[in-house]
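Note that these values count all heavy atoms, side chains included, but never hydrogens, waters or copies made by symmetry. For clarity, every value in this text was computed on a predicted model and none was experimentally measured.
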Amino acid sequence: MIVAKYGAVWKVTLLGSLVYRGDVLIRSISMGMILFVFVQLWTTTFTLGAFQTIAGFDLRDLLWYLVITEVAVLSAGSQGISQRIDQDVKSGELARVLVRPYSYVAYQFATSCGETAVRLPLQALLGGLVVWLAVGPPPAGPLAFVGAAVALALSLTLSFLIAAGIGLLAFWCEETLPFYWIYQKLVFTLGGLFLPLELLPSPLADVAGKLPFASIAYAPGRIFVGSSPEVALTQLGSQLVWVGIALAAVTLIYRRGVRKLNVHGG
């Protein structure tokens with residue numbers, strides 16, 4: 001019954017997203033353009049420096065790594081999730097949701113999954129095509145594909161939970177967008193979106209690898225380009241830990257926020 005209920009939300013959202021497929025296509029083309037720039041940048045770097053590998057990555061590994069990290073971050077739509085929840089809190093829409101027979105957070109998660117189900121395949125297709133034409137097929141074997149798929153699912157779940165937590169801060173903060181901007185920049189710099197953590201200075205790389213931002217971008221990208229089974233399991237384990245922590249944090253924030261709402265008669 002529960003699966004059917006939220007499955008219906010997922011389906012409605014997916015069909016609704018298809019209505020605006022032009023917007024989805026434009027976003028995907030934008031990602032393809034970003035990857036085209038990275039192809040030119042890294043090809044020039046490897047050529048002029050006469051590098052065979054950089055920090056253990058050859059050119060093909062590095063570019064396919066970027067495909068996965070870009071897909072993981074851009075298909076999540078975290079800013080839209082955060083601001084949608086923010087507006088529901090501020091407008092009082094969340095107060096009306098409380099009397100309905102479903103979990104608000106689970107409803108938003110199903111909605112997010114429906115949107116991602118449209119964005120992710122197209123972005124992966126166009127981004128992968130750009131890199132495939134430049135350096136050939138991905139280096140990943142069957143196990144790496146499976147591991148990266150699991151890591152990508154965990155990455156998207158963690159992205160949703162963090163975005164939801166930021167949006168729910170609207171119970172206490174007038175504006176939550178600056179919190180999202182800080183989070184976004186941390187994913188860009190410490191999460192491995194543009195550079196594998198191995199390319200960062202050693203002390204910084206060690207710290208970054210222990211933070212949740214690496215579980216969003218770095219983990220699926222690193223697994224996809226062929227890490228050892230031990231490294232892959234470590235990354236997946238880290239993702240599971242951070243998903244658990246984020247879920248507990250969002251649950252706590254939501255319950256306290258709703259309690260605050262009830263106390264004030266909202």
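In this structure, Ser30 OG and Glu70 CD are separated by 11.0 Å, a value rounded to the nearest 0.5 Å. Taking CG from Leu62 and CG from Leu199, the interatomic distance works out to 7.0 Å, rounded to the nearest 0.5 Å. Here the CG atom belonging to Leu193 is positioned 9.0 Å from the CD atom belonging to Gln184, to the nearest 0.5 angstrom. Atom-to-atom distance recorded for Ile81:CD1 and Ser112:OG is 3.5 Å, nearest 0.5 angstrom. If you take CH2 on Trp42 and CG on Asp61, they are separated by 12.5 Å, rounding to the nearest 0.5 Å. Atoms CH2 and CZ, on Trp172 and Arg256 in that order, are 7.5 Å from each other to the nearest 0.5 Å.
Tyr104 has its side chain within reach of Asp88: a pair of non-hydrogen atoms, C-beta onward, lies under 4.5 Å apart. Between Thr251 and Arg255 there is a side-chain heavy-atom pair separated by less than 4.5 Å. Side chains of Val73 and Ser159 form no contact here, defined as non-hydrogen atoms less than 4.5 Å apart. Between Leu63 and Leu59 there is a side-chain heavy-atom pair separated by less than 4.5 Å. A 4.5 Å side-chain heavy-atom check between Leu190 and Val207 finds every atom pair outside the cut-off. Leu66 is not listed as a side-chain neighbour of Val131, based on a closest heavy-atom distance of 4.5 Å or more.
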> Step by step, would you call Leu126 with Val130 a side-chain contact (heavy atoms from CB on, under 4.5 Å)?
Replying inline: CA-CA 6 Å; Leu126 291 180; Val130 170; 5.8 Å; no

> Step by step, would you call Val39 with Val135 a side-chain contact (heavy atoms from CB on, under 4.5 Å)?
Replying inline: CA-CA 9 Å; Val39 166; Val135 295; 5.8 Å; no

>> Run Tyr180 and Tyr183 through ring pair (Phe, Tyr, Trp, His ring centres under 6.0 Å) and show every step you take.
In response: CA-CA 5 Å; Tyr180 178 79; Tyr183 156 70; 5.7 Å; yes

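In this structure, Ala214 and Leu197 approach most closely via the heavy-atom pair CB-CD1, 3.9 Å. The heavy-atom pair separating Gln239 from Pro220 by the smallest distance is NE2-CD, 4.1 Å. Nearest heavy-atom pair, Pro139 versus Trp64, reported as atom, atom and distance to 0.1 Å: CD-CD1, 3.8 Å. Nearest heavy-atom pair across Ile166 and Ser82 is CG2-OG, 3.5 Å. Residues Val67 and Gly128 approach most closely at CG1-N, 4.1 Å, considering heavy atoms. Counting all heavy atoms, side chain and backbone alike, Gly167 lies closest to Val89 at O-CG2, 4.5 Å.
Under the rule for a side-chain hydrogen bond (donor to acceptor under 3.5 Å, both in side chains), the partners of Arg84 that lie at least two apart in sequence or sit in another chain are Gln108, Glu115. Thr176 pairs by the side-chain hydrogen bond (donor to acceptor under 3.5 Å, both in side chains) definition with Asp86, not counting sequence neighbours.
By the 30° and 60° cut-offs, the orientation of the rings of Phe194 relative to Phe188 is tilted. Relative ring orientation between Phe46 and Phe51 is described as perpendicular, the plane-to-plane angle rising above 60° on a 0-90° scale split at 30° and 60°. Phe145 and Phe224 have perpendicular rings, their planes meeting at more than 60° on a 0 to 90° scale where under 30° would count as parallel.
By the rule that hydrophobic residues join a cluster once side-chain heavy atoms approach within less than 4.5 Å of another member, Leu252 and Leu168 end up as members of separate clusters. At a threshold of 4.5 Å between side-chain heavy atoms, the hydrophobic network of Ile, Leu, Val, Met, Phe, Trp and Tyr places Ile223 and Leu143 in two separate groups. Under the 4.5 Å side-chain heavy-atom criterion for grouping Ile, Leu, Val, Met, Phe, Trp and Tyr, Leu41 is connected to Tyr65 within one hydrophobic cluster. Taking hydrophobic clusters as Ile, Leu, Val, Met, Phe, Trp and Tyr residues chained together by side-chain heavy-atom distances below 4.5 Å, Val231 does not share a cluster with Val241. A continuous path of Ile, Leu, Val, Met, Phe, Trp and Tyr side chains, each step under 4.5 Å between heavy atoms, connects Ile253 with Ile182, placing both in one hydrophobic cluster.
Residue Leu133 is found in a hydrophobic cluster whose other members, listed by chain and number, are Leu129; membership requires side-chain heavy atoms under 4.5 Å apart, directly or through intermediates. With side-chain heavy atoms closer than 4.5 Å counting as contact, directly or through intermediates, Leu125 stands alone and belongs to no larger hydrophobic cluster.
Counting only residues at least two apart or on different chains, the side chain to side chain donor-acceptor pair (under 3.5 Å) pairs with a member in residues 190-204 are Glu198-Tyr218, Glu198-Arg222.
Within 6.0 Å of atom CD in Glu175, more than 12 heavy atoms from other residues, nucleotides or ligands are found, so the atom counts as buried in its surroundings.
Without hydrogens or angle criteria, Thr234 side chain to Glu230 main chain gives a donor-acceptor distance under 3.5 Å.
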Solution key, residues 150-157 side-chain donor-acceptor pairs under 3.5 Å, sequence neighbours excluded:
| residue | atom | partner | partner atom | Å |
| --- | --- | --- | --- | --- |
| Ser155 | OG | Ile216 | O | 2.5 |
| Thr157 | OG1 | Ala153 | O | 2.9 |

